[in-house]
Structure formats: C-alpha cells, structure tokens
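Below is one structure, written out as structure tokens, with a few remarks after it.
Side-chain atoms are counted along with the backbone in the values below, which use heavy atoms only and exclude waters and symmetry mates. From a predicted model like this one, the values you see are computed outputs, not experimental measurements.
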Amino acid sequence: MSRLIRVLPDQVANQIAAGEVVERPASVVKELLENALDARATRIEVDIVRGGRRSIRVTDDGAGMGREDLLLSVERHATSKIQTAADLQRVRTLGFRGEALPSIAAVSRVVMVSRPADAKVGSRLKVTGGTIVGVEEAARRRGTTVEVQDLFFNAPARRKFLRASAVETRAVSDVVVALALTNPGIGLCLRSDERVLLDLEPSRDLAQRVRGIWGSALAEELMPISGEGRDGEVRGLVQRPDTVKPGHRRTFLFVNGRAFRETALLKAVDRAYRTTVPPGHRPWVFLYFDVPGETVDVNVHPAKAEVRFRDLPGIEALLEAAVHRALAGEPSSASFGPPGDGAPSLLVREDRGEQPGGDGPLAESQMALFVSGPDHSAGEEGDPALLPSVEGEALRALTAERPRLWQVLDTYILAEVRDGLLIIDQHSAHERILFEELMDRFDAGGQGGQRLLFPLTIRLSPDEYEQVQAMEGLLARSGFEVEGFGGDTVIVQAVPDPHPYFDGERCFREMIQELTEGSELVRSARNQHERIAKTFACKGAIKAGQRLSEAEMQELFDRLFATELPFHDVHGRPTIVRLSGRELDRKFNR
C-alpha cells in the first residue's frame, strides 16, 4: 500500500511559510525595517522601484553582521532575539521569530551586505529562491544593506495578486510612517523610483515628527492624552473635536513599540468622543500602550500585526478614560490660533535596556513616550473604569478668579480669562448644561415639572401621538406630565422649568416631532434616555438672540464649567472658542 502523506521538500515548505509573512512589498519593507531598528540603527534609507515589485533596498547604520551570522540569518528560526519559550513573555524587540529573512529569500532574489563594528571587512551574501548562491567579502561601513529583487518571481500565483505600483507604493509608505511614529529618534528616508517621498531627521518630539510627515496644520490640531491603570499606561495624541472631519481617518496603535490593529480600542476612542463630535466624524489617533510583557501576547501571527491582551476590557476602559479626560480639558476647545500657542509634545524616554548580542543599550520600549506636564491618574485608587467629573478643573485652568462677562449680538458671551478671551455660544453652552443635568437626574430617578395653571391641549399626528404614548414614562421623568385626551390630542399638565424664557409648548412640539421623524442627533443616541436628553437640550436651551442679564450670564458660565465636557455641545459643535492674548498680539503686530 503506497503512502499518502509525504514530507514536503524544504523549498516548497519555505514558500508556503513565506506566504504567511510576505504578502506584498510592504510586508518586506516592514520586516527589514524592524530588523534595522532591532540592530540599533539611527539612520535608515528605503528605496523601492515600481512599488517594490521590481526591487526593494533597505540600508541602515546598525550593528551589522559578520559572515557566519549573515549565513545563519537566512536559516529558518535562526534568531538572536530569543533563546527559550519563556522569552516570548518579555519580548521587547520587533523581530523574534527568525522567519522574516528566510521567508523573503524563499520568494525573491536577495543580496545582503553587512559589516559589524569589530570587523575590518564586510560580507556579501546572495540568495535566490531560498538557495544560497554565493558569499564573498565586500567593502562596507558598519551596518547592513538588504536588496530584494523580483519579489514572487518563483510564485507567479502570488505575483499576479500584487496591485498597481502606485497602490503598492502607498502601502510601503504607510509602513514607513508607522515605524517613523514609534521611533521619532530615528532618521528615515523613503524613495520611490529615485523620487524622495519622505525624508525625516531624528527628533525627540512626536509632535515634530507628525509635523514632518503631515505638516504643521495637523500637528496643531492634536492634543495629548495620558492615563495609567493596573495593566499599564497609555500616552498619545488625538484630534481636537472641532477639527475632526467625516470620512477617512488615520489610526496608529502601538504596544511596547510594536504597531498593531485592534478594532475594540478604536471603538473605545469613539465612545469617549460621543457628544463632542457629530455622528460619522472619527478622529485621527496616535496611541502608545506600555504594558507588562506577560499581559500581552505578540506571538499571534507571523506578520505580528495582531496582539492579544490578557485584559482587553481593562485596556479599553483605561483608554476611554484617558481620552474622556483630555476632552474635558481646555486644550480640547476650539481656538482661533494654535492650541496652547503650539502643538503638544510627546518625548522619548531615555530608559534603556540591554539587547542580546549587542555592545550597547537599546531602548527597553522604543515607543515609550510620555506627555510633558502633570500626570493624571485614571481615577481614585487607579481604577481605569472611572470617568471622573472635572467639575471646576477646566475653569481653574483658565482663570484664578471669576472673570468679567459681556454679551455681544445677544448670542455670544465674552469672558476675560488669564491668557485672553473665551467666546461662548450661549445656546450651545446651555445645551451641554441641560443634557448633562437631565442625564444625571435620570440616573437619580428623574425630575419633576412645574404644574401649569392652564394645561396645554396639543393635537399631534398619529405617529407623534403613538410616540408620546410609548415614551410617556420617560417624558414624565424629564418633567413633561402628559396624558391622552382622546383621538390624537394630549394634555400637558406640567413642563420643566430650565430658564425664565422657556417656551414649554414649543419645546414639547419640536421634541416630539424630532423623536418621531428622527435626525442625526436622535440616531446617534445610545438609548431612549439619551434621545430624550439630547432633544430636550437642543429644543429647550436658551436661544441665540436672547438678551441675558449679568446674573444670568454668570449662572450660565458657572453651570457650564460644572459639566464634564464643557467645551462641546450635544451636536458635537464647540461651545467655546479661545482667543489667546498671544494671538491678539500677532493680529495687532505687537
């Protein structure tokens, strides 16, 4: 009886394994860049031709390899990064599996030239389709150059799935940008068909790196976040709500120096932004997690783009709390000029660890970034799930005493603060106040309304009448006491009393119409409580054009800064625009 099961030849096995690591030219660039970073390179240059389909060359000034190490580097599972299975729990290097170079060499023509610092001459190694075809001495300064040509030349089925050169070039650029963001202290250059796409000098400042990639405009839209909890810490930059746009956004997630993907964490960011940006608007985020090695598994997939956290819900809560705190602070408010008269700063830590086989220190965590300025804990006793109130904190950050207030155009309130002016939209500000106060009262069981001397008799459409009947209990808890009167008519016996200019009948009619017909505001709410609170805040708030007394302006100002998110209304619009003294000086050429 003939055997059905056979051991595959090494060449076939290597090509199969390569399919897990090498998906496209960008995969090759990622693996080669990670090797260069692990070798402590300070300058890396990437050259691609036709999107990397024809050739890829990565040159670094790292530690380099001698002849024997160069030969071993193309052997599968040969690595200097780990020695035992236990080492997987504390991996701090980007590479560790010993699969990247063998996988690349199995499906391309590779030439590697390398020289370590203690060698007088370098070595050149040539590999074609996984087979070593030559090794010889070569002149080179310390470091390594890897040139990959004719990717998938021996795997035509894979080659035909490559995209157009422009698409592959964009994918390579995304890889280079991600590694540039997690290693701001490294100089990086990307050239495509001899045209420079990116040339970044080393920087200790993440905001400066963002500025170098996307320009000053984006850097000035970002604000820092930070948080610490039982399972680690998160630092990063996120967009100010007033600058967030709908459509495509960029998201960069890093854990212990490694780029990864995790939809659940992006959803946590979006939850924190709720009621501060319009529906469909999603911010750009640059998030850096530093967690103990034993709490995250990076050995999930050969491509190393997926990780598993031991306590993902805890990491989500830590992140949501950190973003929520940032949104509650003054830097999240809209501004006529750059936020804080300059982009926020994240700096690279200088704590270093030893790299196996190296002659000098290597960053214990290449992504270990921190926000300059005071640290903020995630909540009492370090509980990251808490979203603490910032009552009074935002106001104290702006002014040490009660500011003078003026109303202009019967719509905006000007407040003189420590470093300029706040321009407050009275309607938007009151929206935020009413929304949070009603949500708090829902949690406490609801609020009573003011009994009317002459009840309101209101005729509704059939759909509106059905809506009132379905939400009668919630309406009562929000202050509207409503009862049926027969047909499509209801009697309103009591209404809330949010301010002296409140028109109860108009508010009730507009609320029911919007709740029945639906709107972005209604559809973006999590539940019926929030639908009621949002529509009531929108329809019941003080209107633009309403003249206010000095006492009323002061009460509005104080109540606004007692809310959790004083700088944004329930539609995601700013309640406040800052005009700094420095910006005023610039306008007057002082």
Side-chain angles (χ1 to χ4, degrees), residues 15 17-37 44-60 94-95 97 99-101 103-110 146-153 155-183 186 188-200 209-210 212-214 218 247-254 257-263 266 282 284-287 300-307 367:
Q15 286 192 19
E20 296 182 315
V21 178
V22 184
E23 299 176 359
R24 61 196 307 185
S27 307
V28 175
V29 173
K30 174 179 179 292
E31 298 293 346
L32 297 181
L33 280 175
E34 289 181 348
N35 283 344
L37 290 167
I44 306 172
E45 298 186 358
V46 180
D47 292 86
I48 60 175
V49 177
R50 294 185 58 190
R53 295 157 59 98
R54 177 172 295 176
S55 74
I56 300 165
R57 185 173 70 249
V58 175
T59 303
D60 69 61
L94 296 173
R97 299 173 67 99
E99 291 184 325
L101 284 175
S103 296
I104 294 167
V107 292
S108 64
R109 296 182 174 90
V110 175
V146 181
E147 186 166 359
V148 179
Q149 296 183 333
D150 299 328
L151 185 63
F152 299 131
F153 80 96
R158 296 292 304 278
R159 189 176 181 87
K160 71 180 183 181
F161 282 103
L162 293 180
R163 309 289 294 278
S165 296
V167 177
E168 297 297 345
T169 299
R170 282 196 296 271
V172 170
S173 178
D174 288 344
V175 166
V176 174
V177 165
L179 286 168
L181 288 170
T182 196
N183 295 275
I186 303 298
L188 273 168
C189 179
L190 171 62
R191 287 182 288 262
S192 173
D193 300 321
E194 299 184 354
R195 181 168 59 95
V196 176
L197 301 184
L198 200 64
D199 194 357
L200 301 172
R209 174 124 298 180
V210 170
I213 298 171
W214 289 287
L218 175 65
H248 173 73
R249 67 164 169 181
R250 289 186 178 270
T251 58
F252 298 92
L253 306 180
F254 306 95
R258 189 180 309 280
F260 72 102
R261 298 187 297 261
E262 180 53 71
T263 303
L266 298 181
R282 296 188 298 274
W284 285 34
V285 296
F286 304 81
L287 302 174
V300 176
H301 188 274
K304 305 188 293 292
E306 301 174 20
V307 302
M367 55 61 64

Enter the distance from [X]:[atom1] to [Y]:[atom2] here, rounded to the nearest 0.5 Å.
{"X": "N35", "Y": "D60", "atom1": "CG", "atom2": "CG", "answer": "9.0 Å"}
{"X": "R57", "Y": "L32", "atom1": "CZ", "atom2": "CG", "answer": "12.5 Å"}
{"X": "L151", "Y": "L162", "atom1": "CG", "atom2": "CG", "answer": "6.5 Å"}
{"X": "L179", "Y": "E34", "atom1": "CG", "atom2": "CD", "answer": "6.0 Å"}
{"X": "R53", "Y": "R163", "atom1": "CZ", "atom2": "CZ", "answer": "11.0 Å"}
{"X": "R109", "Y": "E147", "atom1": "CZ", "atom2": "CD", "answer": "12.5 Å"}

Problem set entry | Residue pair L200, R209: steps toward the side-chain contact (heavy atoms from CB on, under 4.5 Å) verdict | CA-CA 8 Å; L200 301 172; R209 174 124 298 180; 3.5 Å; yes
Within-4.5 Å side-chain heavy-atom neighbours: [X] and [Y]:
{"X": "S173", "Y": "L190", "answer": "yes"}
{"X": "V107", "Y": "R158", "answer": "no"}
{"X": "F252", "Y": "V177", "answer": "yes"}
{"X": "V176", "Y": "V29", "answer": "yes"}
{"X": "R24", "Y": "S27", "answer": "yes"}

Seminar exercise, completed: Sequence neighbours excluded, the answer for side-chain contact (heavy atoms from CB on, under 4.5 Å) partners of R191 is E45, D47, C189, V196
Problem set entry | Test side-chain contact (heavy atoms from CB on, under 4.5 Å) applied to V210 and L218, step by step | CA-CA 8 Å; V210 170; L218 175 65; 4.0 Å; yes
Nearest atoms (heavy-atom pairs only) where [X] meets [Y]:
{"X": "G247", "Y": "R282", "answer": "O-NH2, 3.7 Å"}
{"X": "Q149", "Y": "S55", "answer": "CG-CB, 4.0 Å"}
{"X": "V22", "Y": "F152", "answer": "O-CZ, 3.5 Å"}
{"X": "S108", "Y": "V148", "answer": "OG-CG1, 3.4 Å"}
{"X": "R250", "Y": "D174", "answer": "NH1-OD1, 3.4 Å"}
{"X": "A180", "Y": "I213", "answer": "CB-CD1, 4.5 Å"}

For this session: Show your reasoning for whether side-chain contact (heavy atoms from CB on, under 4.5 Å) applies to L266 and R249.
Result: CA-CA 11 Å; L266 298 181; R249 67 164 169 181; 3.8 Å; yes
Exercise. Looking at I48, T169, V46, which hits side chain to side chain contact (heavy atoms under 4.5 Å, CB included) with L197?
Worked result: T169
For this session: Run through V28, N183, I44 and flag the one making a side chain to side chain contact (heavy atoms under 4.5 Å, CB included) with L33.
Result: I44
For this session: Give the ring-plane orientation class for W284 versus F286, where under 30° counts as parallel, over 60° as perpendicular and anything between as tilted.
Result: tilted
